[in-house]
Number of protein chains: 2
Amino acid sequence: MHFKRISILGVGLLGGSIGMAVKANASDVQIIGYGHRRESLDKAIEMGAIDGGETDLAAAVAAAELVVLCTPVGTFPMLMRELGQHLADGAIVTDVGSTKRSVVGLGETTLPPRVHFIGSHPMAGSEKRGVDFAKTDLFQHALCILTPTPRSDAAALSRVEQFWQSIGMTTTRLSPEEHDQRLADISHLPHALAAALIAMQDDSALALAGKGFLDTTRIASGDGALWRDILLDNRDNLRRSLFMLKKHLDKLERLLDSQAGDELAGWLDASAQRRSSVLARKLRDVLPD
Amino acid sequence: MHFKRISILGVGLLGGSIGMAVKANASDVQIIGYGHRRESLDKAIEMGAIDGGETDLAAAVAAAELVVLCTPVGTFPMLMRELGQHLADGAIVTDVGSTKRSVVGLGETTLPPRVHFIGSHPMAGSEKRGVDFAKTDLFQHALCILTPTPRSDAAALSRVEQFWQSIGMTTTRLSPEEHDQRLADISHLPHALAAALIAMQDDSALALAGKGFLDTTRIASGDGALWRDILLDNRDNLRRSLFMLKKHLDKLERLLDSQAGDELAGWLDASAQRRSSVLARKLRDVLPD
């Protein structure tokens with residue numbers, strides 16, 4: 001581990017799991033957790049996710065070489081404004097937010113030039129919330145997208161990449177703009193769609209829901225306020241994703257209306273095969289050679 | 001078990017699982033499987049799903065008290081026309097098809113009056129195909145919808161209900177019309193939507209797919225030809241379901257455009273809660289008192 005002193009701001013599912021994973025992979029790191037609720041911090045200490053807990057931001061980050069923002073994205077503006085005055089020179093700040101244009105813009109304009117901000121999106125999680133659900137292997141084999149800009153410090157970027165890799169993640173780099181565009185398609189739209197699929201059901205239909213329906217809508221179990229922030233922050237891209245989806249649904253309707261059986265079967269099979277390819281690639285990532 | 005001689009036409013995932021479940025719950029039943037491929041029949045015998053296999057339809061059903069159609073719905077017209085001449089008086093025919101108006105209509109008009117047709121839709125399955133994936137508990141705790149009409153024989157309906165209950169299913173009754181309408185919303189639309197969600201992805205976005213995306217689209221891994229038949233057969237209801245979904249997506253777009261944060265969070269939370277209720281109800285069904 002390249003960092004000896006790490007501060008985790010917000011010790012919930014993600015923050016707690018990061019702490020546990022770091023602890024599992026390195027013995028010479030001191031991790032300080034920051035949060036409003038003393039019980040959560042004590043619970044995190046008990047679980048071995050952090051070495052100490054602070055409810056005072058200055059105390060939590062004063063000695064940190066790396067600060068990881070794990071609170072909801074909505075808290076970032078205030079946190080970052082306050083952070084700047086307490087950080088040591090050369091400290092690195094990163095985050096786990098699901099949207100990146102606004103967060104990276106905020107980090108680069110709010111934090112003082114003597115510290116480095118690098119945007120991160122470790123793509124792991126759960127519909128569960130809180131440190132009680134934190135686990136050491138949450139990030140194992142998952143992908144972390146780093147979103148550097150021309151203003152990013154190359155050494156800081158490299159160190160943050162190594163940090164995520166040290167807890168088992170594969171890393172890749174995208175611009176904040178590319179990140180938000182692709183995530184709208186592959187994550188934010190599926191979430192919105194799952195919510196709409198539930199909202200449109202009559203109770204009489206919902207009474208017949210089986211395992212397939214529950215799997216399809218699992219991601220819609222997430223926290224509404226958290227996802228509101230994500231969907232609103234990325235609403236321009238999400239609008240485009242919705243437009244694209246509707247075009248594909250229009251195509252489906254044409255196939256149904258014209259009873260184009262072969263084309264419909266081909267369309268369904270093509271999707272099944274694309275999904276199989278994704279699944280096969282993910283299994284290759286997870287399984288040892 | 002009320003039936004002593006059962007014929008299963010089509011011994012794949014569903015037919016094989018029915019045979020295994022019957023065998024696990026009754027020792028005095030003889031089950032004959034029917035299929036085109038001798039290897040599949042032999043495999044089903046080896047797995048204990050059937051007692052004997054026939055590639056000749058007359059031989060497969062001549063002595064049957066209950067015939068369960070487990071072949072793709074597309075084969076039903078020909079099968080039913082041929083079946084009629086081979087069945088004993090008073091034999092009961094049911095099926096496992098995912099759409100019911102066309103199947104029940106076919107059963108009631110094609111089979112001779114001296115036998116009874118009762119439509120069934122045991123709501124269990126998998127994206128896997130073939131008898132190799134058959135399992136004894138596939139139907140355990142799942143729901144079977146029976147779709148009687150005014151023409152249905154009351155005693156036959158009751159015996160078919162008891163049959164599904166004997167292999168661990170909960171049964172309910174809907175008219176074929178109600179069945180197809182509700183299934184369009186809760187099953188056929190989610191399937192079509194999962195396929196569209198995959199189809200609309202760029203490769204660059206698909207490269208970032210995580211567990212959430214894979215779960216959301218799992219049902220799209222099914223067989224294209226099988227689902228083509230279901231979607232086309234139920235296309236009028238599916239069109240209505242698509243219309244309803246689009247209305248809900250339009251609402252989402254309005255919330256995004258107006259940045260109505262509270263309303264958006266409420267909409268997301270309401271869906272999360274509805275899903276939790278479904279999940280809680282299903283867990284109550286499965287767990288012992």
Side-chain angles (χ1 to χ4, degrees), chain A residues 123 142-143 182 185-187 190 192-202 204-206 208-210 212-222 224-225 227-228 231-232 235 238-239 242 244-246 248-249 252-253 256 259 261 264-272 274-276 278-279, chain B residues 123 142-143 182 185-187 190 192-202 204-206 208-210 212-222 224-225 227-228 231-232 235 238-239 242 244-246 248-249 252-253 256 259 261 264-272 274-276 278-279:
Chain A
M123 292 183 65
L143 182 68
R182 295 186 195 175
D185 282 345
I186 203 72
S187 170
L193 211 50
L197 191 56
I198 297 168
M200 68 150 282
Q201 300 294 329
D202 285 334
S204 63
L206 214 53
L208 307 178
F213 185 81
L214 285 171
D215 283 356
T216 303
T217 56
R218 182 182 62 78
I219 51 172
S221 294
W227 276 93
R228 170 200 60 201
L231 302 187
L232 280 182
R235 64 185 179 280
L238 182 55
R239 282 291 251 132
L242 279 162
M244 286 298 296
L245 177 79
K246 283 180 175 175
H248 283 266
L249 294 180
L252 169 64
E253 289 182 358
L256 291 173
Q259 300 188 50
L264 180 57
W267 185 77
L268 293 166
D269 278 331
S271 283
R274 273 190 107 186
R275 183 181 178 282
S276 296
V278 174
L279 190 59
Chain B
M123 292 184 64
L143 182 69
R182 295 184 194 176
D185 283 345
I186 202 73
S187 169
L193 212 49
L197 192 57
I198 297 168
M200 68 150 283
Q201 300 294 330
D202 284 335
S204 62
L206 214 53
L208 307 178
F213 184 83
L214 284 170
D215 282 356
T216 303
T217 56
R218 182 182 62 79
I219 52 172
S221 294
W227 276 93
R228 170 200 59 203
L231 302 187
L232 280 182
R235 64 185 178 281
L238 181 55
R239 282 290 251 135
L242 279 163
M244 287 298 294
L245 176 80
K246 283 181 175 176
H248 284 264
L249 294 181
L252 169 64
E253 289 182 358
L256 291 173
Q259 299 188 51
L264 180 57
W267 184 77
L268 293 166
D269 277 332
S271 283
R274 274 191 106 187
R275 183 182 177 280
S276 295
V278 174
L279 190 60

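Side-chain atoms are counted along with the backbone in the values below, which use heavy atoms only and exclude waters and symmetry mates. Here is the naming used below: chain letters follow the sequence lines, and residue numbers restart at 1 for every chain.
- Looking at Leu208(B), both its backbone and its side chain come within 4.5 Å of chain A, counting heavy atoms on both sides.
- Residues Ile219(B) and Asp215(A) fail the side-chain proximity criterion, which asks for heavy atoms closer than 4.5 Å.
- With chain A as the partner, the residue from Ala205(B), Ser187(B), Ala272(B), Gly266(B) showing the most heavy-atom pairs under 4.5 Å is Ala205(B).
- Nearest approach of Ser271(B) to Ala195(A), heavy atoms of both residues: OG-O, 2.7 Å.
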Derivation and outcome, side-chain contact (heavy atoms from CB on, under 4.5 Å), residues Val278(B) and Thr217(A)
CA-CA 11 Å; Val278(B) 174; Thr217(A) 56; over 6 Å; no
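- Between the side chain of Arg274(A) and the backbone N or O of Ile198(B) there is at least one donor-acceptor pair closer than 3.5 Å.
- Note on Ala192(A), Gly224(A), Ser276(A): by heavy-atom pairs under 4.5 Å with chain B, the leading option is Gly224(A).
- If you tally non-hydrogen atom pairs under 4.5 Å between each of Ala199(A), Gly212(A), Gly210(A) and chain B, the highest count goes to Ala199(A).
- With a 4.5 angstrom heavy-atom cutoff, Ala209(A) touches chain B via backbone and side-chain atoms both.
- Taking OG1 of Thr216(B) as the reference point, atom CG of Leu197(A) lies at 10.0 Å (rounded to 0.5 Å).
- Ranked by heavy-atom pairs under 4.5 Å with chain A, the first of Leu268(B), Leu238(B), Leu279(B) is Leu268(B).
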Check against side-chain contact (heavy atoms from CB on, under 4.5 Å), Leu193(A) and Leu249(B):
CA-CA 8 Å; Leu193(A) 211 50; Leu249(B) 294 181; 3.9 Å; yes
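- Put simply, of Leu231(A), Asp202(A), Leu206(A), the one with the most heavy-atom pairs under 4.5 Å next to chain B is Leu206(A).
- Remark: Trp267(B) CH2 to Arg228(A) CZ distance equals 14.5 Å, nearest 0.5 Å.
- One finds the CZ atom of Arg239(B) at 7.0 Å from the CG atom of Leu256(A) (value rounded to the nearest 0.5 Å).
- Interface remark: Ala270(A) contributes no atoms to any contact with chain B (heavy atom separation under 4.5 Å).
- Judged purely by atom type and a 3.5 angstrom limit, Gln201(A) uses its side chain to pair as donor or acceptor with the backbone of Asp185(B).
- Note: Met200(A) CE to Lys246(B) NZ = 12.5 Å, rounded to the nearest 0.5 Å.
- A donor-acceptor pair under 3.5 Å links the side-chain atoms of Arg275(B) to the main chain of Leu214(A), judged by distance alone.
- Between chain A and the options Ala225(B), Pro190(B), Ala142(B), Ser204(B), heavy-atom pairs under 4.5 Å are most frequent for Ser204(B).
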